[in-house]
Amino acid sequence: MSSATNLDEFIAGARTCLPATVASAPFGLLFGALAIENGFSIFETCLMSLTVFAGASQMVGLELFGQKVAPWLIVVSIFAVNFRHVLYSASLGRRISHWPLWQQALSFFVLADPPYAEAERRAEQGKRITFAWYSGVGAMLYVCWQIETLLGAIFGSLLPNKQALGIDFLLPIYFLGLVMGFRKRPRWLPIVLVSAAASMLAYRLVGSPWHVSIGALAGIVLAAALPLQEAKDETP
């Protein structure tokens, strides 16, 4: 592809991810503020966002780091929250297997809920997932997440009660929108209902963060058990 085409693709990817960036902004600000409250320095807070880049996992880490919890338990808990990324990478990997290894590695590093959902949506529309386009999606989300973390860490002390404000409500709404975007897929409704029910039940009986993985596994089990007669109608 020409440089001009690559630039156009990159810009298109960045625009595609703009709604997710807006939705995640309060969550990033909240993380930065809470990290400082929990004894992190500004440098440590930003370093965590730079290297981990997973909002839910970073929040879990904040809760566990100061509770004298064994390091292995922190690792396992964060893995449980991010278990869905194993599924994401398996699905996305088949679409970018022709890319050079370094491009795949970079793409998997910035793989999160919005980039995965947007990539799937683009594939369903019959469009190619180019590295330039995906880089635009990932760069928009990654760079803005770092800025939000820094701003939250610096100015978060100005907010008296971060949790009571409920400023992170936009992110769950955005995730709901992502899920609804796949509602035309065969067997979407029963899989979503079973996954949601299992997740809520696990939250009551087992607790966080295990409910995330348990809900995902319940949906996977149901999807695997259902007949494949409608698979031919799915867009590759």
Side-chain angles (χ1 to χ4, degrees), residues 7 9-67 69 74-75 77-82 84-85 88 105-119 121 132-179 181 208-209 212:
L7 180 59
E9 286 278 286
F10 183 89
I11 294 174
R15 288 176 176 172
T16 297
C17 200
L18 185 58
T21 302
V22 173
S24 65
F27 200 59
L29 294 170
L30 181 63
F31 166 74
L34 292 179
I36 299 300
E37 272 194 3
N38 281 269
F40 281 53
S41 67
I42 294 179
F43 173 77
E44 291 169 338
T45 301
C46 293
L47 182 63
M48 190 175 186
S49 279
L50 284 166
T51 55
V52 178
F53 186 52
S57 296
Q58 292 177 223
M59 287 295 190
V60 171
L62 287 183
E63 295 178 6
L64 298 179
F65 285 150
Q67 299 183 15
V69 177
I74 296 177
V75 173
S77 298
I78 292 178
F79 178 81
V81 173
N82 270 1
R84 68 190 188 283
H85 287 217
Y88 290 170
L106 185 60
S107 299
F108 287 136
F109 174 73
V110 296
L111 179 60
D113 301 281
Y116 169 72
E118 296 300 343
R121 185 177 302 169
W133 176 86
Y134 188 90
S135 296
V137 174
M140 169 65 79
L141 193 64
Y142 184 80
V143 172
C144 289
W145 179 257
Q146 311 312 320
I147 295 173
E148 294 152 11
T149 296
L150 178 60
L151 292 177
I154 294 175
F155 300 108
S157 59
L158 300 178
L159 301 176
N161 190 339
K162 289 81 174 174
Q163 298 285 15
L165 292 175
I167 60 176
D168 56 338
F169 75 99
L170 282 175
L171 200 59
I173 293 177
Y174 176 75
F175 285 158
L176 179 60
L178 291 180
V179 173
S208 177
V212 177

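Keep in mind the model is a prediction, meaning the values are calculated, not measured.
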Return all side-chain donor-acceptor pairs below 3.5 angstrom for residues 133-140, not counting sequence neighbours, or 'none' if the list is empty.
| unit_1 | atom_1 | unit_2 | atom_2 | d |
| --- | --- | --- | --- | --- |
| Tyr134 | OH | Ser107 | O | 3.1 |
| Ser135 | OG | Phe131 | O | 2.7 |

Check: Any donor-acceptor pair under 3.5 Å linking the side chain of Ser24 with the backbone of Phe27?
Finding: no

Margin query: Nearest 0.5 angstrom please: Gln146 CD to Leu47 CG, how far?
Written below: 10.0 Å

Note to self: List the residues meeting side chain to side chain contact (heavy atoms under 4.5 Å, CB included) with Ala54, not counting sequence neighbours, and say none if there are none.
What the structure shows: Val52, Ser57, Asn82

Next item on the list: State, to 0.1 Å, how close Glu148 and Leu29 come at their nearest heavy-atom pair, and which atoms those are.
Entry: O-CD2, 3.3 Å

Next item on the list: With sequence neighbours excluded, tell me which residues meet side chain to side chain contact (heavy atoms under 4.5 Å, CB included) with Ile42.
Entry: Ile36, Cys46, Leu150, Ala153, Ile154

Margin query: Counting C-beta onward and ignoring hydrogens, is there a side-chain heavy-atom pair between Leu141 and Pro115 closer than 4.5 Å?
Written below: yes

Checklist line | Closest contact, heavy atoms only, Asn38 versus Leu34 | finding: ND2-O, 2.7 Å

Check: In chain order, what residues pass the ring-ring contact (aromatic ring centres under 6.0 Å, His included) check against Tyr142, with sequence neighbours excluded?
Finding: Phe53, Phe109

Notebook entry, point to check: Taking only residues two or more places apart in sequence, or in another chain, which ones meet Ala35 in a side chain to side chain contact (heavy atoms under 4.5 Å, CB included)?
Noted result: Phe31, Phe40, Thr45, Leu62

Checklist line | OG on Ser49 to CD on Gln58, rounded to 0.5 Å | finding: 4.0 Å

Margin query: Return the OH to CZ distance between Tyr88 and Phe108, rounded to the nearest 0.5 Å.
Written below: 14.0 Å

